[in-house]
Amino acid sequence: MDIIIISGFLGSGKTTFLKKFRSLLDKNMKSVILMNEFGEVDIDSNIIGESQSIKSMTQGCICCSLKEDLEVQLHELYYNLNPDLIIIEATGVADPVEIIDAISAPAVMEFTQLKQLITVVDSQKLLTLNTTPQMKQLYLHQIKYANTLILNKLDVLTEDEINLARNAIKNINDQAYIIESIEHLSEKDIVKFYADHNLMNEIERHPSAHNIQSMTIKLSNSVEIESLHHWLGQLDDNIYRVKGFVTLRHIPDETYLLQYAFGIPQYEPYELKREPVIVIIGSQIDKERIKQQIEMLQFS
Ligand SMILES: Nc1nc2c(ncn2[C@@H]2O[C@H](COP(=O)(O)OP(=O)(O)OP(=O)(O)O)[C@@H](O)[C@H]2O)c(=O)[nH]1
């Protein structure tokens with residue numbers, strides 16, 4: 001099941017993009033839109049207006065409070081509808097690092113391929129980034145981690161301002177495929193989106209091109225809970241997330257779901273039996289060192 005994530009500043013044109021994008025998709029393709037609006041009332045799915053293939057997630061942001069819901073929704077969609085494509089429209093306040101984190105849960109990665117992380121950029125806002133440091137950081141992440149950028153709202157800018165916006169974008173991310181304005185989105189772009197490989201694998205293979213790195217390590221042995229806890233506690237700040245399934249030495253018949261975020265580890269029993277695996281997300285990960293540490297966890 002393919003996944004495309006659409007992120008972007010508040011009001012940048014994500015829903016407008018989605019309408020155009022959907023109109024260009026092959027009519028035989030079964031696609032579902034997963035919309036996440038920050039707030040209790042869902043406005044965007046009413047705009048799109050095809051309620052049958054739209055699922056809304058409100059009352060939170062998929063990158064934080066609704067993260068687990070997203071996993072559950074993806075599972076349900078896969079088993080009940082088995083669509084070809086899921087398009088996730090994130091809230092304007094979602095950080096793509098967190099969304100990638102949410103869909104890189106081992107149980108989700110088994111049946112999904114991340115095809116695109118598309119960010120719709122409000123070019124006018126980009127030129128006058130007059131906001132809090134946190135929001136600035138968020139906007140920068142949305143641009144930096146995308147593999148396709150839509151430079152939108154160019155119609156309200158002068159030619160000089162358009163050039164400034166182009167340069168500003170290139171300075172933040174010079175690897176992304178750029179489309180200037182939603183109206184220029186064409187069937188050729190859709191073909192390109194599909195020709196791209198699974199972005200999760202690309203992130204693992206070419207970290208410098210995507211700024212985030214991930215590594216997946218399959219475990220062949222159980223681990224001591226104390227050693228695991230100690231290992232997680234000493235990880236450097238460049239490791240954003242660790243998650244996976246583990247078996248613990250004192251209860252080897254049960255699978256545990258491991259989650260580690262913002263320095264806090266969590267372990268909880270998982271109903272289904274899963275192959276033990278640990279996924280690590282961060283930047284500039286010393287992979288050899290982490291591999292050795294996980295070997296030690298399993299075999300000492
Ligand atoms: N001038 C101009 N307006 C645009 C363009 N694209 C979208 N808009 C308008 O911008 C407004 C916001 O567009 P949406 O598509 O709802 O933006 P959004 O990112 O989904 O908004 P949120 O869900 O609130 O974050 C709407 O009034 C659109 O008609 C553009 O290229 N130029």
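Whatever order the structure lists ligands and atoms in, that order sets their numbers, starting from 1.
When the heavy atoms of V156, L18, T16 are ranked by distance to atom 28 (C) of ligand 1, first place goes to T16. Nearest-residue assignment for atom 20 (O) of ligand 1 (options T15, L154, I6, L157; heavy-atom criterion): T15. Residue nearest to atom 8 (N) of ligand 1, selected from Q124, H184, K19, K153: K153 (by heavy-atom distance).
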Q) Is there a side chain to side chain contact (heavy atoms under 4.5 Å, CB included) between S12 and N152 once you walk through the steps? A) CA-CA 7 Å; S12 58; N152 203 32; 5.8 Å; no

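Between the side chain of R274 and the main chain of Y256, no donor-acceptor pair closer than 3.5 Å is present.
Residue K14 has at least one heavy-atom neighbour below 4.0 Å for each of these atoms of ligand 1: 15 (O), 17 (O), 18 (P), 19 (O), 20 (O), 22 (P), 25 (O). Close approach of ligand 1 to D155 is summarised as follows: ligand atoms under 4.0 Å from at least one heavy atom of the residue are 1 (N), 2 (C), 30 (C), 31 (O), 32 (N).
Listed by chain and residue number, nothing satisfies the salt bridge (charged side-chain N to carboxylate O under 4.0 Å, His left out) test with E159 (two or more places apart in sequence, or in another chain).
A heavy-atom separation below 4.0 Å is not found between G8 and ligand 1.
The residue from N147, D189, T148 that alone fulfils the side-chain hydrogen bond (donor to acceptor under 3.5 Å, both in side chains) condition with Y177 is D189.
Heavy atoms only, all atoms of each residue included: L154 and E180 are closest at CD1-CB, 3.8 Å.
Counting heavy-atom neighbours within 6.0 Å of E275 CD, excluding the residue itself, gives a total of 12 or less.
The part of E89 lying near ligand 1 is the side chain, judged by heavy-atom distances below 4.0 Å.
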